[in-house]
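Take a look at the structure set out below.
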Amino acid sequence: MNSESNDLIDIKLDELHHRIRHSAAHIMADAVLEIYPEAKIAIGPATQDGFYYDFDLNHTFSPEDLDKIEKIMLQRIKENLPFERKELTRDQALKMFKDQPYKIEIIENLSKDESISIYEHGNFVDLCEGPHVATTKEVKALKLLSIAGAYWRGDENNSMLQRIYGTAFENKEALDAHLLKIEEAALRDHRKLGRELELFIFDPISPASPFFLPKGTIIYNELIDYVKNLYSTFGYQEVITPLIFSTDLWKQSGHYDNYQENMYFIEVDEREFGVKPMNCPAHALMYASKLHSYRDLPLRYADFGRLHRYERSGVTHGLTRVRTFSQDDAHIFCTEDQIEQEATNFITMIQKSYEIFEFKPPRVALSLRPEKSVGDKSLWDKAEKILKTVLENNKLSYDAMAGEGAFYGPKIDFFVPDAIGREWQLGTLQLDFSLPERFNLEYINQEGNVQRPAMLHRAMFGSIERFMGVILEHYGGALPLWLSPIQATIIPIADRHIDYAEEINQQLIYANFRTNIDSRSERMNSKIRDAQLQKIPYMLIVGDKEQEEKTVAIRKRQDRSQENMNIDMLIKHLTDNLYTKILGTQQEN
RNA sequence: GCCACCGUAGCUCAGGGGUAGAGCAGCUGUUUCGUAAACAGCAGGCCAACGGUUCAAAUCCGUUCGGUGGCUCCA
C-alpha cells in the first residue's frame with residue numbers, strides 16, 4: 001500500500017466519497033470522449049450522493065449508452081491509471097482546451113492571477129482543482145444511474161446539455177447499500193402510498209391537483225385540527241376569505257406585477273379577476289375594514305383558504321408541488337416593537353408543531369432581497385436586520401441566502417429532514433413592510449398618532465398537501481394512531497362472530513375511534529394480510545374465545561405479538577397510544 | 001417552459017404491422033376457517049387523444065394531452 005492510500009484511510013468518509021466521485025466523473029468524461037470524440041465537455045462535480053458530468057453533443061444518450069460508457073470506465077479503472085496534477089499558465093490552459101469551448105469559458109472567467117490546475121489520467125485531461133484519488137483503481141464500485149437535461153451554468157437562457165448521473169463508492173457493499181436505499185425510498189414514495197392506501201388520486205382533467213379520497217381527507221383534517229389547537233394556545237383567530245378577486249386587488253398588492261405568471265385569471269362581466277395564490281391581500285383588506293388601536297395589536301389572522309398557483313408543466317410532483325393547495329397560513333399585524341416577540345413566539349410554536357412528528361431539528365435559512373422586489377431598500381435593510389436579530393436571540397444557526405426572499409420581504413425558512421434524510425421546506429416566516437404600505441394600513445398609537453403596522457406572513461406546515469406528502473414518506477405510510485384513517489379493524493374469525501364484532505365496533509366508535517369490521521367471507525389470514533398492507537395500526541381479532549371472555553385479541557401492525565384485552569382496557573390502551581409512534585416494518589409489500 | 005423517457009383492464013406489467021394477454025383487485029357461487037393470500041366460475045380494454053403512412057396501425061411517423069427523471073422555478 002503506498003503512502004497516498006494510507007493518507008486516504010485517515011480522511012473522513014465524506015472526503016473520500018468526494019474524491020472517488022469526482023474521479024469517477026473524470027473517468028466517465030474520458031469514456032464518453034472515447035465513444036464520441038466530438039463531444040464537448042462542460043462540468044463534472046461530485047454531489048451529495050454521487051456525481052455527474054454535462055456533455056454537449058448531437059447524439060442523444062440512451063440507457064444502452066450508459067452500459068457502454070460504464071464498461072469503458074471499468075476498463076480504465078482496471079488499468080490503474082494515476083491521477084496527476086499539473087499547474088498551467090493561463091495561455092497554456094487556453095491552448096490546451098482550445099477545442100473545448102465550455103472549458104475556455106471557465107478559464108476566461110477565472111481571475112488573471114489565479115493559478116490553473118489540471119488533472120490527467122491516461123489520455124484524459126480536465127481543468128480541475130482536485131483533489132482526486134491516487135489512481136483510477138481506487139474507484140472500487142460505481143454505477144451510472146440516469147440521463148437528464150441541464151442548462152449550461154444553470155441558466156435557462158443557455159443551451160441545454162445532457163447530464164449523466166452516477167454514483168461511486170469505496171467498495172461494492174457500500175454501493176449496494178446505497179442502491180438498496182434508493183429502492184426503499186421508491187417503496188415509500190407518497191404517490192405510490194396514496195394509491196395503495198386510497199388517500200388521493202390525480203386526474204388529467206385537473207393536472208397537478210389532488211383529489212383527496214375519504215381516507216386522505218381524514219389525514220388532511222387531522223393535520224388541520226392539530227394546527228387549530230396550537231392556534232388557540234398561541235392567540236390566533238381563524239378567518240375565511242374569497243377565492244377570486246378583481247385584478248384591482250392584485251395590482252394594489254403587487255402580485256399583478258410580480259407574480260402574474262403564477263396566477264389564474266378569468267373574465268366575467270367584462271371585468272378581469274384573479275384567483276388567489278396567497279391570502280395576504282385579503283387579510284390586509286380585513287385589517288383595513290376598521291380603525292385599529294394599538295390595543296388591538298398584535299392581530300393574528302389564520303386562514304386555511306384554498307390557493308391556486310399556476311406551476312409550469314414539468315415542475316409539479318405528487319402532493320409536494322401542486323397547483324392547488326391550502327396552507328396553515330396566518331398573518332400577524334403588529335407594531336414594529338412587537339416584531340421580535342412575535343417572531344420568537346412563532347419559532348417556539350413551529351418547533352412545538354414539529355415535535356409530534358419526531359423530525360430531526362430543522363435547518364434554518366434566511367432569504368434576503370431578490371432581484372424582483374417591492375418596497376424601499378431601507379425597509380428591506382431594516383426587515384433583514386430584524387430577522388437576523390431574532391435568529392441570533394433564539395440561538396438558531398442559519399445560512400443566509402442572497403436573492404432568495406419573497407418579492408415583498410425577507411424570510412426565514414425551515415427545512416425538515418425526513419426519515420430517509422431528504423430535506424423539505426415546510427415552515428416559513430416572512431417579514432413584510434411593503435403590503436401595509438400598499439394597503440395604507442394604520443393603527444392609532446398611545447399618543448393618538450397614526451402609525452403603520454408591520455405584517456408577518458408565517459406557516460408551520462407550509463402547504464398541507466406538501467406536508468402530508470412529507471409525513472407519508474417519513475412514516476412510510478405507517479401513520480401514528482391519531483393520523484390513521486382507520487385506527488383499528490375488527491376481524492371476526494367466522495360469520496358467527498360478526499354480531500360480537502359489531503358490539504365492539506359500536507363501543508369504539510362511541511369512544512371516538514375510527515374503526516370498521518372486515519366481515520368479508522375471507523379467511524382470517526387474508527383479512528390480517530389486507531389490514532397489514534393497509535397499514536392499519538390495530539387488528540382486533542374476535543373468535544369463540546374472545547366472544548366467550550368478552551375480550552378482543554389485539555395484533556399491532558408493527559409486530560405479531562398478541563394480547564387479549566377487554567373493551568375498557570382496549571379503549572384506555574388506544575387513548576394512551578394516540579400520539580405515540582407506531583412505525584410499521586419497511587419490508588411489507 | 002427546456003432535455004430525455006413513458007402512456008395496453010381499477011393496480012402491476014407482458015405483447016407488438018394481420019384486429020388483445022397474465023397476476024392481483026372486482027363480481028357470483030362454494031368454504032366459516034385462530035394471526036400475512038381458501039377454491040371455482042364470470043366479467044372487464046376504441047391499447048391516452050387526434051392526424052398521417054399502409055391493403056391493414058395498439059404496434060411505424062407527426063401533433064396534442066397527461067405522467068416520470070432531471071434542469072430552471074417554488075409552499
Side-chain angles (χ1 to χ4, degrees), chain A residues 52 54 56 60-63 65 145-165 186 189 191-192 195-196 198 201-208 259 261-262 277-278 307 309-323 325-329 367 404 406 411 413-415 424-428 430 457 459-467 469-470 491-498 519-534 539-546 553-557 559-562 585 587-589:
Chain A
Y52 66 81
D54 288 345
D56 188 356
T60 47
F61 289 124
S62 68
D65 292 327
L145 297 170
S146 61
I147 305 156
Y151 298 107
W152 166 237
R153 290 180 173 272
D155 185 335
E156 64 179 324
N157 299 312
N158 288 339
S159 55
M160 178 64 73
L161 307 172
Q162 294 186 72
R163 175 172 295 179
I164 299 179
Y165 281 96
D189 186 316
R191 294 167 299 183
K192 179 174 145 73
R195 231 186 351 264
E196 291 171 352
E198 298 183 7
I201 58 158
F202 286 90
D203 191 292
I205 208 72
S206 184
Y259 208 74
E261 62 274 19
N262 284 295
M278 300 180 193
L307 308 177
R309 297 184 186 174
Y310 173 73
E311 298 289 352
R312 299 206 283 181
S313 66
V315 308
T316 61
H317 178 95
L319 290 181
T320 56
R321 189 82 184 269
V322 293
R323 288 186 175 147
F325 58 100
S326 77
Q327 297 176 308
D328 60 331
D329 191 21
S367 298
E404 297 290 318
K411 56 178 183 168
D413 289 321
F414 294 82
F415 293 85
W424 300 89
Q425 189 196 324
L426 300 175
T428 182
Q430 311 178 355
H457 309 240
M460 298 182 293
F461 292 173
S463 119
I464 309 297
E465 279 73 4
R466 172 176 291 183
F467 193 79
V470 171
I491 299 177
I493 290 177
D495 285 357
R496 64 178 177 280
H497 308 122
I498 289 178
S519 56
R520 292 174 303 162
S521 167
E522 290 286 349
R523 291 174 60 218
M524 179 196 64
N525 282 341
S526 165
K527 296 179 187 180
I528 287 175
R529 180 182 145 81
D530 287 343
Q532 288 288 160
L533 293 177
Q534 285 294 304
M539 281 148 271
L540 308 175
I541 294 149
V542 294
D544 290 337
K545 184 172 164 242
E546 286 72 24
I554 295 170
R555 175 179 165 136
K556 296 177 195 162
R557 111 188 120 193
D559 58 44
R560 288 161 201 220
S561 67
Q562 294 171 45
T585 50
Q587 62 281 0
E588 34 187 84
N589 56 57

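Small disclaimer: the values here were computed from a predicted structure and weren't measured.
Rounded to the nearest Å, the gap between the P atom of B:rG45 and that of B:rA38 is 28 Å. Nucleotides B:rA57 and B:rU19 have their P atoms positioned 12 Å apart, rounded to a whole Å. B:rA36 and B:rC71 have their C1' atoms separated by 43 Å, with the value rounded to a whole Å. Taking the C1' atom of each, B:rC47 and B:rC6 are spaced 14 Å apart, rounded to whole Å. For the C1' atoms, the distance linking B:rU53 with B:rU63 amounts to 15 Å, nearest Å. Comparing the C1' positions of B:rA56 and B:rC73 gives an interatomic distance of 48 Å, to the nearest angstrom. Taking atom P in both B:rU8 and B:rA14, one finds a spacing of 10 Å when rounded to whole Å. For the P atoms, the distance from B:rC3 to B:rG62 is 14 Å, rounded to whole Å.
Partners of A:Asp413 according to the side-chain contact (heavy atoms from CB on, under 4.5 Å) rule, which considers only residues two or more places apart in sequence or in another chain, are A:Ser367, A:Lys411, A:Phe415, A:Gln425, A:Thr428. A search for side chain to side chain donor-acceptor pair (under 3.5 Å) contacts involving A:Asp189 returns A:Arg191, not counting sequence neighbours.
Taking atom CG of A:Leu533 as the reference point, atom P of B:rU35 lies 18 Å away to the nearest angstrom. The CD1 atom of A:Ile164 sits 15 Å away from the C1' atom of B:rC5 (whole-angstrom rounding). In this structure, CZ of A:Phe61 is placed 13 Å from P of B:rA4, rounded to the nearest angstrom. Taking atom CD1 of A:Ile493 as the reference point, atom P of B:rA38 lies 14 Å away to the nearest angstrom. For A:Ile201 and B:rG10, the CD1 to C1' distance is 11 Å, given to the nearest whole Å. The separation between A:Trp152 atom CH2 and B:rC2 atom C1' is 17 Å, rounded to whole Å. Regarding A:Phe202, its CZ atom lies at a distance of 19 Å from the P atom of B:rG10, rounded to whole Å. B:rG34 atom C1' lies 8 Å from atom CG of A:Asn525, rounded to whole Å.
Under a 3.5 Å cut-off, the side chain of A:Asp328 and the backbone N or O of A:Gly462 do form a donor-acceptor pair. Of the possible polar contacts, one joining the A:Arg309 side chain to the A:Pro277 backbone as a donor-acceptor pair under 3.5 Å is found.
Between B:rA4, B:rU12, B:rU32, one nucleotide has an atom nearer to the side chain of A:Thr60 than all others, and that is B:rA4. Of the candidates B:rA4, B:rG34, B:rU30, the closest approach to any side-chain atom of A:Asp544 belongs to B:rG34. For A:Ala553, the side-chain atoms get nearest to B:rU35 when compared with the rest of B:rG66, B:rU35, B:rA4.
A:Arg523 contributes no side-chain N or O that forms a donor-acceptor pair with the base of B:rA38 under 3.5 Å.
Looking at heavy-atom distances under 4.0 Å, A:Glu546 makes contact with a base. Base contact: A:Asp495 has a heavy atom under 4.0 Å from a base atom. Among the atoms of the strands shown, none is found under 4.0 Å from any heavy atom of A:Lys527. Heavy atoms of A:Phe415 sit nowhere under 4.0 angstrom from any nucleic acid atom. Heavy atoms of A:Ala186 sit nowhere under 4.0 angstrom from any nucleic acid atom.
In plain terms, the two heavy atoms of A:Ala208 and A:Phe202 that are nearest each other are C-CE2, 4.0 Å. Taking both residues in full, the closest heavy atoms of A:Pro492 and A:Lys527 are given as O-NZ, 3.2 Å, listed atom of the first, atom of the second, then distance. The minimum heavy-atom distance linking A:Val322 with A:Gly318 is given by the pair CG1-O, 3.0 Å. A:Gln162 approaches A:Phe61 most closely through the heavy-atom pair OE1-N, 2.8 Å. Considering every non-hydrogen atom in both A:Trp152 and A:Asn158, the closest pair reads O-ND2, 2.8 Å. Of all the heavy atoms in A:Ser326 and A:Glu465, the pair that sits closest is N-OE1, 3.1 Å.
Residue A:Glu311 is tested with A:His317, A:Arg321, A:Arg323 for a side-chain hydrogen bond (donor to acceptor under 3.5 Å, both in side chains); the sole match is A:Arg321. Among the candidates A:Gln532, A:Met524, A:Gln562, the single residue satisfying the side-chain contact (heavy atoms from CB on, under 4.5 Å) test with A:Met539 is A:Gln532.
For the pair A:Arg555 and B:rG34, the criterion of a side-chain N or O lying under 4.0 Å from OP1 or OP2 is not met. A:Arg195 has no side-chain polar atom (N or O) that falls below the 4.0 Å cut-off from OP1 or OP2 of B:rG10.
Nucleotide B:rA38 is matched to B:rU30 when pairs are restricted to Watson-Crick or G-U wobble geometry with both distances under 3.5 angstrom. Base pairing of B:rG44 is not made with any nucleotide, judged by Watson-Crick or G-U wobble geometry with both donor-acceptor distances under 3.5 Å. Nucleotide B:rG10 is matched to B:rC24 when pairs are restricted to Watson-Crick or G-U wobble geometry with both distances under 3.5 angstrom. Pair assignment for B:rA4 gives B:rU68, based on Watson-Crick or G-U wobble hydrogen-bonding distances that are each under 3.5 Å. Pair assignment for B:rC60 gives B:rG52, based on Watson-Crick or G-U wobble hydrogen-bonding distances that are each under 3.5 Å.
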Can you give me the N/O atom pairs linking the protein to nucleotides 40-49 of chain B at distances under 3.5 Å, or say none if there are none?
none

Kindly give the atom pairs (protein nitrogen or oxygen, nucleotide nitrogen or oxygen) under 3.5 Å for nucleotides 24-27 of chain B.
none

Write out a two-atom table: protein N or O, nucleotide N or O from nucleotides 60-64 of chain B, distance below 3.5 Å.
none

Contact letters for nucleotides 69-75 of chain B, in which S counts primed atoms plus P, OP1 and OP2 and B counts the base, heavy atoms under 4.0 Å: BBBBBBB

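Expressed to the nearest 0.5 Å, how far CD1 of A:Ile491 lies from CD1 of A:Ile541 amounts to 5.0 Å.
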CA sep, side-chain torsions, deciding dist, call: A:Arg529, A:Asn525, side chain to side chain contact (heavy atoms under 4.5 Å, CB included): CA-CA 6 Å; A:Arg529 180 182 145 81; A:Asn525 282 341; over 6 Å; no

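For the pair A:Leu307/A:Phe325, a side-chain contact is recorded, criterion being any heavy-atom separation below 4.5 Å from C-beta on. At least one side-chain heavy atom of A:Leu540 sits under 4.5 Å from a side-chain heavy atom of A:Ile554. No side-chain heavy atom of A:Ile147 sits under 4.5 Å from any side-chain heavy atom of A:Thr60.
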